[in-house]
Number of protein chains: 2
Amino acid sequence: MSYTYEYPRPAVTVDCVVFGLDEEDLKVLLIQRGAEPFLGKWAFPGGFVQMDESLEDAARRELEEEAGIRPSHLEQLYTFGTVGRDPRGRVITVAYFVLVKLSDYRPRAASDAREAAWFSVWDTPKLAFDHAEILSTALQRLKGKVRYQPIGFELLPPKFTLTQLQRLYEVVLERTLDKRNFRKKILAMDLLEELDEVEQDVSHRAARLYRFDHRKYKQLEKAGFNFEL
Amino acid sequence: MSYTYEYPRPAVTVDCVVFGLDEEDLKVLLIQRGAEPFLGKWAFPGGFVQMDESLEDAARRELEEEAGIRPSHLEQLYTFGTVGRDPRGRVITVAYFVLVKLSDYRPRAASDAREAAWFSVWDTPKLAFDHAEILSTALQRLKGKVRYQPIGFELLPPKFTLTQLQRLYEVVLERTLDKRNFRKKILAMDLLEELDEVEQDVSHRAARLYRFDHRKYKQLEKAGFNFEL
DNA sequence: TCAAAAGTGTTTGGATTACACCCATGG
DNA sequence: CCATGGGTGTAATCCAAACACTTTTGA
């Protein structure tokens, strides 16, 4: 390997924007930094890429280490490489985009005692580095994605009501949707399995529960089906 | 700056996938490599990111140096970071996506005597590194982009016929479109300015020439207009 | 019996598709 | 006068949007 490249190199990190949904709102996972720079400030889980791991592997490792999250699916979001974005020197970060069922990852202290917490995406504390910009890019992506992929798969619990699903779309798209049209359209996609179960412990008529049919989704996806809402 | 990071770092490059359109086909710009690895093989213009330039600046610099191209607009495509993708060692590349008017950049030898040439995107030589994968990612992006942004702006000469514009869409989408419906729709967007000019030197009825109206495009874009075809 | 949310169809207007012939020009 | 592509309209269908009341349940 005689032709190795010998100039100064930027450092490369990954950062993960993890979205979850709870009863009230769309949430994003933040970690309170335990080291300089930005000690005590909130930031996305992430860290330096090792020489022997791919970018996605690095993102998965950091997610596991810092937040105990092992998501099934990561999507690359964007790479941020402005010269002054990190006071430690030249650092390029590859941001990843992750959707999880928030209920699987209730707030807990990470293994290394740094605090992890979910914040409403519309009301985060001031973020370290250029993470505010990264968040805004991620929100845009989410908004675009929701239009042609059934993201409910990943954000909702396995069994959910149509109203929950509609709320998800409304929160992400930042507009209200018509209940009847929404149901018509979503059911017409034939991706949901109607269960013989209803909500429990509600003080009004209980809603029917549904489940995503992953098999049908994969089939339709291969066939180039359009999930636009 | 006491907290500088001191571990081994991957190298970071940028690569540019430049598309152009000529009479026959959609073309992509390739450079014949003048150094190992992959000496003599074809690859995208690109190179190492300097410590004092942003990713996009690096992409612009390399495009200028290697192909004499100064495009108005670059779009980040994707970052490729598989461990074995470069035999020189760990190299992460940030790929950029560029549309140009091919007529502005007729094939010429680059300043450093490496050869640059346009190839049909459906029929390229074998590419260096993982550039085949990068090309396929770029083609997907182009196909997606064409559906909600008027890419004709950047690929066509300033004055063009509706048939040329339709061909562009057909080539990118890989399907034929109905002439009457296409015209109806594209004219209804009210983005084209009809000129008092027609084609020259054709051996049949000369087609009317049109021009994009950038002002109107910017306005509509701001208003969140949908350019879907 | 009241409050709260679940559930359900129809109508209308706009958009998309399919489709075929005459026109202008140069050779 | 012929070959080549330029240019044009209408009808049928599908899809999206608007819209309000009845049902169920628990408190």
Side-chain angles (χ1 to χ4, degrees), chain A residues 22-24 146-148 150 152 156-157 159-171 173-211 220 224-229, chain B residues 22-25 146-148 150 152 156-157 159-171 173-211 220 223-229:
Chain A
D22 70 7
E23 296 70 34
E24 294 116 47
V146 77
R147 305 200 47 147
Y148 58 92
L156 291 176
K159 299 171 181 180
F160 52 86
T161 68
L162 292 183
T163 301
Q164 281 179 285
L165 186 60
Q166 183 176 341
R167 287 245 173 77
L168 162 57
Y169 278 89
E170 290 180 336
V171 167
L173 294 173
E174 290 181 279
R175 64 189 181 94
T176 59
L177 299 170
D178 179 83
K179 183 162 58 160
R180 280 168 294 187
N181 292 337
F182 178 81
R183 286 168 183 235
K184 224 181 305 170
K185 188 136 187 197
I186 212 89
L187 291 174
M189 285 182 187
D190 195 30
L191 280 176
L192 298 185
E193 190 182 346
E194 183 175 333
L195 302 176
D196 286 328
E197 278 178 83
V198 293
E199 283 181 297
Q200 299 299 321
D201 303 316
V202 287
S203 74
H204 53 75
R205 176 172 176 183
R208 159 144 284 131
L209 292 173
Y210 290 80
R211 185 160 62 186
L220 290 172
F225 184 76
N226 190 357
F227 298 97
E228 206 158 324
L229 210 83
Chain B
D22 70 8
E23 296 69 35
E24 293 116 46
D25 213 350
V146 78
R147 305 200 48 148
Y148 58 91
L156 291 176
K159 298 171 181 182
F160 52 86
T161 68
L162 292 182
T163 302
Q164 280 178 284
L165 186 60
Q166 184 175 341
R167 287 243 174 78
L168 162 58
Y169 278 89
E170 290 180 335
V171 167
L173 294 173
E174 291 182 279
R175 65 191 181 92
T176 59
L177 300 171
D178 179 84
K179 183 162 56 159
R180 279 169 293 188
N181 293 337
F182 178 81
R183 286 169 183 235
K184 222 182 307 169
K185 187 135 186 195
I186 213 87
L187 291 174
M189 285 181 186
D190 195 29
L191 280 176
L192 299 185
E193 189 183 347
E194 184 176 333
L195 302 176
D196 286 329
E197 277 179 82
V198 293
E199 283 181 298
Q200 299 299 323
D201 304 315
V202 287
S203 73
H204 53 74
R205 175 173 175 182
R208 159 145 283 131
L209 292 173
Y210 289 80
R211 185 159 62 185
L220 290 173
F225 185 76
N226 190 358
F227 299 96
E228 206 156 327
L229 210 81

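Labels below follow one simple rule: chain letters A, B, ... track the order of the sequence lines, proteins then strands, and each chain is numbered from 1. If you're wondering where the values come from, they're calculated on a predicted model, not measured in any experiment.
For B/H204, counting side-chain heavy atoms from C-beta on, the closest listed nucleotide (D/dT25, C/dT25, C/dT8) is C/dT25. The nucleotide whose nearest atom lies closest to any side-chain atom of B/S203 is, among C/dC19, C/dG26, D/dC19, C/dG26. Side-chain atoms of B/K179 lie closest to D/dG6 of the nucleotides C/dA18, D/dG6, C/dG26.
Contact annotation for B/T163: backbone-only contact, meaning every heavy-atom pair under 4.0 Å involves sugar-phosphate atoms and none involves a base.
In terms of polar N and O atoms assigned as donor or acceptor, the side chain of B/K184 comes within less than 3.5 Å of the base of C/dT17 in a complementary pairing.
Contact annotation: B/R208 does not reach the phosphate of D/dG7 (side-chain N/O to OP1 or OP2, under 4.0 Å). One finds no side-chain N or O of B/R205 lying less than 4.0 angstrom from the OP1 or OP2 phosphate oxygen of D/dG7. For D/dA16, one of the phosphate oxygens OP1 or OP2 lies less than 4.0 angstrom from a side-chain nitrogen or oxygen of A/K185.
More than 12 heavy atoms of other shown residues, nucleotides or ligands fall within 6.0 angstrom of atom CZ in A/R208.
Residue-to-nucleotide proximity on DNA chain C shows that, of A/E199 and B/R180, the 5′-proximal contact is made by A/E199.
For B/R183, the side chain to side chain contact (heavy atoms under 4.5 Å, CB included) test picks out B/L162, B/T163, B/K179, with sequence neighbours left out.
Residue B/D178 contributes atom CG, which lies 13 Å from atom C1' of D/dG7 at whole-angstrom precision.
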